[in-house]
Amino acid sequence: PAGQAAGRDRSACQDRALASESTTMLINCAAYHDGNKLADIPVAEISDYLAKPGCFVWVALRDASDDELAVMQDEFDLHDLAVEDALHGQQRPKIEEYGKSVFAVMHLVEYSPTDELRLGEVHVFAGPNFVLSVRNRSMMGFLGVRERCEREPELLSQGSGFVLYALMDAVVDRYFPLVEAMEGELESIEGQIFDRGAARANIERLYELKHKVTTLRHAVAPLLDSIGKLYGGRVPPVCAASTEYFRDIADHLARLQAAIDTMRDTIGTAIQVNLSMVTIEESEVTKRLAAWAGIFAVATFFVGVWGMNFDHMPELRSPWGY
């Protein structure tokens, strides 16, 4: 009876997941063999293809519900802690190994229509014969990644490790335009540093830019610290055939980290220069006030001498007095 109840629960979860295929939560679900796509398959047939030698299944979800993740956990035997991280979100970028599978968390950073940074996440589960990506709070899709992999069956034949690389590479490559945009904004602010009266506005813009740079740094730095385990030392078996590709991602991340550190230093210097400009402008105002005070000091002296109320004031009784 317990086994029958578990079977009924699994069937119910699969029914709910199948119903969700008509929504945008299930982006794609396909089976591959030796780098070639076999077919787009329904969720209910995942286990059938997982049982076939040389096959692996690639599933992409967007803003997955608890029921969908429960189905995927049952199909792919995902670790409870990894699934919990995917459910709760708000995770620090990281790469962890659970048994024969690898769990990666990456931040998706993008500009909103109001020119503000939006932060999403993608969680990738990669096992010996499956890849599951779960994208949350982001409009950035990965259909281009799937098309790229399918155009290179000799690389896709490396299995789920290459798919993990392709997804990570797509995320990291999207950081470069953000860095270029921030560098352009920083150059624009630097061009206005010595404009009279612009110091306060420049400082506000610099602090806003500093917040954007910090957000991007929080996406890059932890991932750079974690990716070393995918190409150096003991490499997870899933990624053993793609170590040189993960090394290339590490190189990209190192370049991003260097550019971000340079921007942070430049922003700090620019803020100090703007504060110095504020001090210089205040000093000039003080000098003007001191000059006017010197001019009025003479008149103040005469008022002090001739404006006092006592009998011996000079010229008090003179016919020509004031």
Side-chain angles (χ1 to χ4, degrees), residues 62-63 88-95 104-123 135-142 144-145 167-228 248-285:
R62 173 187 172 189
D63 296 320
H88 294 166
Q90 305 296 333
Q91 297 295 313
R92 187 174 184 264
K94 59 182 179 179
I95 298 173
V105 178
M106 293 169 283
H107 284 180
L108 302 175
V109 186
E110 57 190 316
Y111 274 106
S112 68
T114 58
D115 200 31
E116 296 179 355
L117 283 187
R118 290 190 305 200
L119 187 63
E121 290 182 5
V122 58
H123 306 85
R135 174 164 53 97
N136 296 320
R137 306 185 311 279
S138 175
M139 300 301 294
M140 299 168 59
F142 293 99
V145 177
L167 291 171
M168 294 183 68
D169 185 57
V171 172
V172 172
D173 283 348
R174 291 170 182 175
Y175 293 153
F176 283 99
L178 297 175
V179 170
E180 292 177 0
M182 293 176 188
E183 288 176 339
E185 186 175 353
L186 180 56
E187 291 175 0
S188 174
I189 297 173
E190 285 182 315
Q192 302 175 7
I193 284 181
F194 298 104
D195 292 351
R196 184 175 297 276
R200 184 179 298 275
N202 287 339
I203 291 175
E204 292 178 359
R205 292 179 61 191
L206 285 168
Y207 269 99
E208 292 177 359
L209 181 58
K210 184 178 180 181
H211 174 71
K212 294 178 182 178
V213 172
T214 301
T215 300
L216 187 58
R217 183 176 183 275
H218 289 166
V220 172
L223 194 59
L224 178 60
D225 294 338
S226 300
I227 198 172
D248 182 66
I249 293 179
D251 178 67
H252 291 177
L253 288 170
R255 288 165 50 195
L256 287 166
Q257 182 69 26
I260 290 172
D261 289 341
T262 300
M263 276 196 294
R264 283 165 54 88
D265 293 340
T266 304
I267 290 172
T269 303
I271 291 175
Q272 293 300 321
V273 171
N274 274 274
L275 292 175
S276 299
M277 292 300 298
V278 171
T279 303
I280 292 172
E281 291 178 1
E282 291 178 349
S283 176
E284 291 178 352
V285 172

- Yes or no on salt bridge (charged side-chain N to carboxylate O under 4.0 Å, His left out) for Lys212 and Glu116, after CA distance, side-chain angles and deciding distance? CA-CA 8 Å; Lys212 294 178 182 178; Glu116 296 179 355; over 6 Å; no
- Distance-only side-chain donor-acceptor flag, His123 / Glu121, under 3.5 Å: yes
- Query: Under 6.0 Å from the OH atom of Tyr207, do we count more than 12 heavy atoms belonging to anything else shown?
  - Reply: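 No, not enclosed.
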- Message: Taking NZ in Lys210 as the centre, count heavy atoms belonging to other residues, nucleotides or ligands within less than 6.0 Å. Is the count above 12?
- Response: no
- Evaluation steps, side-chain contact (heavy atoms from CB on, under 4.5 Å), between His107 and Thr215: CA-CA 10 Å; His107 284 180; Thr215 300; over 6 Å; no
Testing the basics here: between [X] and [Y], what is the closest heavy-atom pair and its distance to 0.1 Å?
X      : Y      : result
Ile249 : Asp169 : CD1-N, 3.7 Å
Pro93  : Ser226 : O-OG, 4.3 Å
Val109 : Leu119 : CG2-CD1, 3.7 Å
Arg62  : Met139 : NH2-SD, 3.3 Å

Pairwise distance [atom1]([X]) to [atom2]([Y]) - rounded to 0.5 angstrom:
X      : Y      : atom1 : atom2 : answer
Ile189 : Ile203 : CD1   : CD1   : 11.0 Å
Leu216 : Met182 : CG    : CE    : 5.0 Å
Ile227 : Ile95  : CD1   : CD1   : 5.0 Å
Met263 : Thr214 : CE    : OG1   : 10.0 Å

Kindly say whether [Y] contributes a backbone atom to a donor-acceptor pair with the side chain of [X] at under 3.5 angstrom?
X      : Y      : result
Asp63  : Arg137 : yes
His218 : Arg92  : no
Arg217 : Ile260 : no

- Message: Which residues pass the side chain to side chain contact (heavy atoms under 4.5 Å, CB included) test with Thr266, not counting sequence neighbours?
- Response: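 Result, side chain to side chain contact (heavy atoms under 4.5 Å, CB included) vs Thr266: Leu186, Glu190, Thr262.
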- Message: Would Arg255 and Tyr175 count as a side-chain contact (heavy atoms from CB on, under 4.5 Å) here? Give the steps.
- Response: CA-CA 11 Å; Arg255 288 165 50 195; Tyr175 293 153; over 6 Å; no
- Item | Leu224 and Leu256: CA distance, side-chain angles, deciding distance, side-chain contact (heavy atoms from CB on, under 4.5 Å) verdict | CA-CA 10 Å; Leu224 178 60; Leu256 287 166; over 6 Å; no
- Just checking, Arg174 and Tyr111: is the charged tip under 6.0 Å from the six-membered ring centre and within 45° of the axis?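 Because its charged atom misses either the 6.0 Å distance or the 45° angle limit, Arg174 does not stack over Tyr111.
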- Answer yes or no: is there a side-chain heavy-atom contact under 4.5 Å between Pro222 and Lys94?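 With C-beta onward as the side chain, the pair stays apart.
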- Does a side-chain heavy-atom distance below 4.5 Å link Leu108 with Asn136? no
Name the atoms and distances for all side-chain donor-acceptor pairs under 3.5 Å in residues 267-275, with sequence neighbours left out.
residue : atom : partner : partner atom : Å
Thr269  : OG1  : Asp265  : O            : 3.0
Asn274  : OD1  : Asn202  : ND2          : 3.3
Asn274  : ND2  : Ala270  : O            : 2.8

- Check against side-chain contact (heavy atoms from CB on, under 4.5 Å), Val122 and Met140: CA-CA 10 Å; Val122 58; Met140 299 168 59; over 6 Å; no
